[in-house]
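Naming convention: chains lettered A, B, ... in sequence-line order (proteins, then strands); numbering from 1 in each chain. Everything numeric in this text was worked out from a predicted model, so none of it was measured.
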Amino acid sequence: MSVDNAPDTRPIPVRKDVGRLETRLPLVELNQDGKLARFMYPNGVEGYMTTTAAHFRAILSDGRFHAKRFLGEPQPTPVSVELPDMPGFIPSMNGPDHLAVRRLAAGDFSVKHIRDLGVTIEEVVDKHLDRVEQHGSPADIFELYCLTIPSEVIARILGVPTTHTPEFQNAARYTIGGLPKELDDPEAPARAIKTLHGLLADVIAMKRAEPQDDLITRLTKATDPVLSDEEIWGLCTNLLLAGHETTATNSAYQIAILLERPDVREEFLGHPENIPDYIEELLRYKAILTDSGAGIPRLATETVEFDGVVIEEGDWVMPCAATANVDPSVCPHAPTELDLNRTPFPHLTFGFGAHTCLGQHLARAELKVMVPKIFERFPGLQALMPLDEVPWLDKGFGYRMAELRVTW
Amino acid sequence: MSGPLSVAVEYQKCTAAGQCLLAAPNVFDQSADNGTIVLLDPNPPESERPRVLDAIARCPASVISLADQSSP
């Protein structure tokens, strides 16, 4: 097999307007040859990026490429998030150690467990709908609805007592930098992590003293491996962060699309039996967190010849779900268009390989309640500004919506 | 080929993503304890073939194989 010269490095075409309906990271146009692309990120770090579904799956299935999230090294990313390294943080673990810790939490995120959680999700969503109604029109539903539902649901899964939940949710919000009005304080994320540390240490001690039917109690009783309190804290913080900003932004984006496109809204709300499939297409259409070129990069632990490119030991490779999902070989018909009636296929928004999103069944369960219910409660719901003008932030794991102001 | 299929799983690779259960619920389940794959029926009828193949395609950790199927 012949090996081409390494592709030219160019600055990553970061789009600050990633939320615009017709905008996506223009990788599809840039990489018609289907090879790995090589980019220079805004922080000066270079790396490869996958541009096809096959490469996405191959990189994430190959044990020679390690996940190294939050280990203090400069990484290829267009966004900024400052987090200390935490023990028990599974996106930074690899191999059998990773699988063993991941499995300690996986039962609580299984298909069946999440089905059983359906009533809880409905209850949390209804409570937040009441809150939006009490606030009155106009309202920022990103803050009042999309951002707070996921952290409350995670709190319930972990077993955070209701007395501690508001502080837990508040800290959750600051871990990703807070809302636009709060962004002036660069120390806020580090302080929020410290708050979570103290709060979760209290909760872990409570569960050790009085075991209950919840995930933190199960983690305190784990034997293979046994987890220290520090590892339980890290893992719980990991689960919170992974399921918080992601579902907040995706739910807000899906609601925003329905507000923007009356045809899509009519189709979506008119066929409630198809909502699970519609949610899949919306997740495929905009893998919003990776559409900006963000994601969890992989580090080559040895030199690897990969489809005609030599990836040197120590090189970064960013798996890009946004380009994988519009790869014409898996999505042949108008892949960059939203088509709710597309035959569903397994999109790659939740990743692939050993680190495949652990909370994906939870995310789906939340989205299929959060998105339709806000339209049921407020039939006259309207966006205060076109989706193309909704502001986005680059503090977090990917670009995220800053606000979604609506009237009804 | 007719007759029952022969399905095998490599439990040690399982990453507990639950895709197999969604694709072929008659053949696979997920452990309530740790979310990993449970092979309910190692020899399902031929009629399960499309669903087992779907499970193989969706599995993010290449855990499942079908005996008469050349591995990808």
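More than 12 heavy atoms of other residues, nucleotides or ligands lie within 6.0 Å of NZ in B:Lys13, so this atom counts as buried by the packing criterion. Counting non-hydrogen atoms of other residues, nucleotides and ligands closer than 6.0 Å to CG of A:Asp116 gives a total above 12.
Across all their heavy atoms, A:Val111 and B:Gly18 have their closest contact at CG2-O, 3.8 Å. In terms of heavy atoms, B:Pro60 sits closest to A:Ser61 at O-OG, 4.3 Å. Closest approach of B:Gln30 to A:Lys112, counting heavy atoms only: O-NZ, 4.4 Å.
For the atom pair CG (B:Leu22) and CZ (A:Arg364), the distance works out to 7.0 Å, reported to the nearest 0.5 Å. One distance of note links CG of B:Asn34 with CG of A:Asp108; it measures 11.0 Å at 0.5 Å rounding.
Stacking of A:Arg103 on the aromatic ring of B:Tyr11 is recorded, both the 6.0 Å distance cut-off and the 45° axial limit being met.
Of the atoms belonging to B:Ala17, heavy atoms from both backbone and side chain fall under 4.5 Å from chain A. Heavy-atom distances place both the backbone and the side chain of B:Cys14 under 4.5 Å from chain A. Heavy-atom distances place no part of A:Arg218 under 4.5 Å from chain B, backbone and side chain included. Using a 4.5 Å cut-off between heavy atoms, A:His113 makes no contact with chain B at all.
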### Task
Assess whether side chain to side chain contact (heavy atoms under 4.5 Å, CB included) is satisfied between B:Gln12 and A:Leu99, documenting all intermediate values.
CA-CA 9 Å; B:Gln12 70 279 7; A:Leu99 276 189; over 6 Å; no
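In terms of non-hydrogen atom pairs under 4.5 Å with chain B, the most contact-rich of A:Gly353, A:Pro346, A:Gly351, A:Cys357 is A:Gly353.
No side-chain donor-acceptor contact under 3.5 Å links A:His355 to the backbone of B:Thr15.
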